[in-house]
Amino acid sequence: MTNATILLARHGLSRDDQFNKTHVACLTDSILQYPVVDWNDRRLMEWIQQVPFKDLPGREAILDPSTNDLPYQSFDPYIRGIVRWLNALDIATLSCCDGHGRGRASVVLKQAPSLEQWQLLQLALPYQMTMGLTQLTLHLDYRKSGFPSLLLLAERLYRLTEDRTYLETLRLEQFKHRLLTWLDIPGVSKRERLVAMCLRNELKSKTDFLYTDKRGNVLATIQCGVGPTVLLSAHMDTVELIEEGRVILEDGTTLRSSSGILGADDRAGITTILEVLDRVRNTNFSGTLKLAFTVQEEIGCRGAVGIDPAFLKDVDAAIVVDRRGTREIVTACRNQIPFCTQEFGQLFEEAGRLVGMPDWQTTTNGGSSDTNVFAGFGIPSVNLSVGYRHEHTEHETVDYAATFETVALIESVFHHQLIPIRS
C-alpha cells in the first residue's frame with residue numbers, strides 16, 4: 001500500500017471511491033485534485049470540510065448505513081475513518097462522536113458485534129487506547145494516547161478490510177507490548193515479590209486454583225477437560241537488577257536495553273506462557289494445565305527444587321520456556337542428563353511441522369535450568385527456545401517475533417493433542 005492510500009484511509013477515503021457516485025466518492029475525487037506532496041492529516045481534514053454538499057443530514061443524524069450513503073464529511077474529523085471501515089467490516093453504525101478532544105469517542109452500533117468482530121476490534125485497538133461496549137455504544141478512550149490514535153485505529157481497520165492476514169501483524173504488535181510490560185518489572189533473585197504480585201493479578205480470573213507456595217513460587221491449575229496434565233513453567237528472577245531509567249530500544253523485531261541486562265531471560269518465557277493461556281481454549285486441547293512460575297532459578301533452581309511434590313505427581317509432561325536462541329527443543333543437559341526420551345522430543349518437532357515451522361529441532365546440548373528439576377521427578381520434559389540471546393550480559397537481546405513463534409509451537413502441541421498420558 002502507498003502512503004497516499006493509507007493517508008486517505010485514515011480519514012475514511014479510498015481511491016476506488018472516485019468511480020462511484022456517492023458522497024465519499026466526491027470527497028475522494030476532490031482530494032485527489034491536490035498534489036500528493038501536499039497531503040497530511042491536518043490538510044485532509046480542512047479540505048474535507050470545504051467540499052460543498054447540499055441537503056445533507058447533520059452530524060447527529062441517525063442513518064442506517066445499509067440503506068443510506070453516510071455523509072462522512074459532516075462527521076467529526078477524527079471519527080470518519082473508524083466509522084467508514086467499521087461498516088466495511090459489517091459492523092453497522094448509526095451515529096458517532098470523536099469526543100472533541102475530551103478523550104472519549106463513541107460510535108453507536110446498529111447491533112452488538114459478534115464475538116469474532118469484538119476480538120478483531122480488540123486486536124486493532126492501538127496501544128494505550130481502551131475500548132468498552134455499553135448496550136450498543138462503543139466507547140473509545142484515547143486520553144492516554146491522544147487524537148492521532150483514532151486515526152491509527154481507522155488505518156488498522158482499513159488494512160483488515162483489504163487483507164485479513166493483517167491480523168497476524170496486529171497479534172504480533174499486541175504481543176510485543178505485552179512483553180515490554182513484563183520486561184519493565186524488576187525482580188532479581190530473592191526479590192521476585194513484585195513479579196509474583198503482577199502474575200497473581202493476571203492469573204486470578206483465568207485459573208481454577210492459584211497460590212504462592214512457601215518458596216515464593218506462583219503455582220496454578222486450569223481445567224480444560226479430560227486428558228493429560230501438562231506443566232508450563234518459566235522463572236521470575238533475573239540474574240541482575242534491571243537498571244533504573246533504562247530504555248528498551250527496538251531494531252526491527254529485536255529489543256535490547258540501553259544499559260544493563262534486558263531481562264528477557266526469562267520474562268520472554270513468562271509472556272509466552274500467559275499468551276498460550278489466553279489462546280488454549282481456542283484449541284482442541286482437553287486436559288489440565290498446571291503453571292509454575294519459579295523463584296531463584298538463576299542461583300541454583302532453588303524455587304523449582306522446593307515445589308511440593310504433590311503438585312507435580314500427576315503431571316504427564318513439562319514444558320519449560322527458558323532457552324536462548326530460536327527453534328531449539330532441549331531434551332538433555334550438556335549431552336549427559338536426559339530430560340525425556342527421543343520420541344517425546346520429536347513430538348515437538350512434529351508440532352512445528354504441523355504449524356509450518358519445520359526447522360524446530362531437538363538438541364541434547366542444553367544448560368542447567370528448571371527442566372533438570374522436573375525431569376528429576378520423572379516427568380518427561382523439554383526446554384524451548386524463546387528468542388533471547390547473550391543473556392546475563394549488557395548485550396542481551398530478544399527477538400519478539402521468535403518468542404511469538406514459541407507461542408505458536410506450544411499452541412500446536414495442544415491443538416493437535418500430541419501430549420500422551422503417562423502410563
**OP:** State, to 0.1 Å, how close T331 and G345 come at their nearest heavy-atom pair, and which atoms those are.
**Re:** CG2-CA, 3.9 Å

Original post:
Residues in side chain to side chain donor-acceptor pair (under 3.5 Å) with R164, at least two apart?
Top reply: none

**OP:** Assess the side chains of T294 and D370: does a donor N or O sit below 3.5 Å from an acceptor N or O?
**Re:** yes

Original post:
Does a sphere of radius 6.0 Å around CG in D251 hold more than 12 heavy atoms from other residues, nucleotides or ligands, not counting ones at 6.0 Å or beyond?
Top reply: no

Subject >> Side-chain heavy atoms of F339 within contact of V382, under 4.5 Å >> reply: no

Side-chain donor-acceptor contacts of residues 403-411 below 3.5 Å, not counting sequence neighbours, with atom names and distances?
from: T403; atom 1: OG1; to: V386; atom 2: O; distance (Å): 2.8
from: T403; atom 1: OG1; to: D399; atom 2: O; distance (Å): 3.2
from: E405; atom 1: OE1; to: R327; atom 2: NE; distance (Å): 3.2
from: E405; atom 1: OE1; to: R327; atom 2: NH2; distance (Å): 3.2
from: E405; atom 1: OE2; to: R327; atom 2: NH2; distance (Å): 3.0
from: T406; atom 1: OG1; to: S385; atom 2: O; distance (Å): 2.7
from: T406; atom 1: OG1; to: A402; atom 2: O; distance (Å): 3.4
from: E411; atom 1: OE1; to: R279; atom 2: NE; distance (Å): 3.3
from: E411; atom 1: OE1; to: R279; atom 2: NH2; distance (Å): 3.0
from: E411; atom 1: OE2; to: R279; atom 2: NE; distance (Å): 3.4

Subject >> Side chains of L384 and I329 in contact at under 4.5 Å (non-hydrogen atoms) >> reply: yes

Original post:
S145: what forms a side chain to side chain donor-acceptor pair (under 3.5 Å) with it, not counting sequence neighbours?
Top reply: S149

**OP:** Report the residues that fulfil ring pair (Phe, Tyr, Trp, His ring centres under 6.0 Å) with F344, sequence neighbours left out, ordered by chain and then residue number.
**Re:** F348

Original post:
Can you find a heavy atom in the side chain of L347 that is under 4.5 Å from one in the side chain of P420?
Top reply: yes

**OP:** Give a yes or no on this: more than 12 heavy atoms of other residues, nucleotides or ligands lie within 6.0 Å of atom CZ of R191.
**Re:** no

Subject >> Residue pairs involving residues 109-132 (criterion salt bridge (Lys or Arg N to Asp or Glu O under 4.0 Å); sequence neighbours excluded) >> reply: D64-K110

Subject >> Heavy-atom side-chain contact between V321 and L232 under 4.5 Å >> reply: no

**OP:** Determine whether R281 and C224 make a side-chain contact, defined as any pair of heavy atoms from C-beta on separated by less than 4.5 Å.
**Re:** yes

**OP:** State, with a plain yes or no, whether a side-chain heavy atom of D90 is found less than 4.5 Å away from one of Q117.
**Re:** yes

Subject >> Sub-4.5 Å side-chain heavy-atom contact between V280 and I222 >> reply: no

**OP:** Can you sort out the partners of D141 under side-chain contact (heavy atoms from CB on, under 4.5 Å), two or more places apart, ordered by chain and number?
**Re:** R104, T130, R143

Subject >> Crowding at CZ, R353 (>12 non-hydrogen neighbours, <6.0 Å) >> reply: yes

Original post:
Where the side chain of H235 meets the backbone of V295, is there a donor-acceptor pair that is under 3.5 Å apart?
Top reply: no

Subject >> Donor + acceptor pair across side chains of T221, D208 (<3.5 Å) >> reply: no

Original post:
Quick one: salt bridge (Lys or Arg N to Asp or Glu O under 4.0 Å) pairs with a partner in residues 170-183, sequence neighbours left out?
Top reply: E168-R171, E173-K176, K176-E250, R178-E202, R178-E275, R178-D278

Subject >> Atom CD of Q417 with >12 non-hydrogen neighbours under 6.0 angstrom >> reply: yes

Original post:
Taking it one step at a time, do T165 and D163 satisfy side-chain hydrogen bond (donor to acceptor under 3.5 Å, both in side chains)?
Top reply: CA-CA 5 Å; T165 62; D163 182 7; 2.6 Å; yes

**OP:** Please report the shortest heavy-atom distance between D237 and S189, naming the atom on each side.
**Re:** OD2-OG, 2.6 Å

Original post:
Got a sec, which pairs hit ring-ring contact (aromatic ring centres under 6.0 Å, His included) with one end in residues 241-292, sequence neighbours left out?
Top reply: F285-F414

Original post:
Below 4.5 Å, heavy atoms only, C-beta onward: do W182 and L199 meet side chain to side chain?
Top reply: yes

Subject >> Residues which pass side-chain contact (heavy atoms from CB on, under 4.5 Å) with Y127, listed by chain and number, not counting sequence neighbours >> reply: H177, T181

Subject >> Pairs flagged by salt bridge (Lys or Arg N to Asp or Glu O under 4.0 Å) wherever residues 283-300 is involved - sequence neighbours left out >> reply: K290-D314

Original post:
Which pairs pass salt bridge (Lys or Arg N to Asp or Glu O under 4.0 Å) with one or both residues in residues 252-268, sequence neighbours excluded?
Top reply: none

**OP:** Name all residues meeting the side chain to side chain donor-acceptor pair (under 3.5 Å) criterion together with N217; count only those two or more places apart in sequence or in a different chain, and write none if there are none.
**Re:** D213

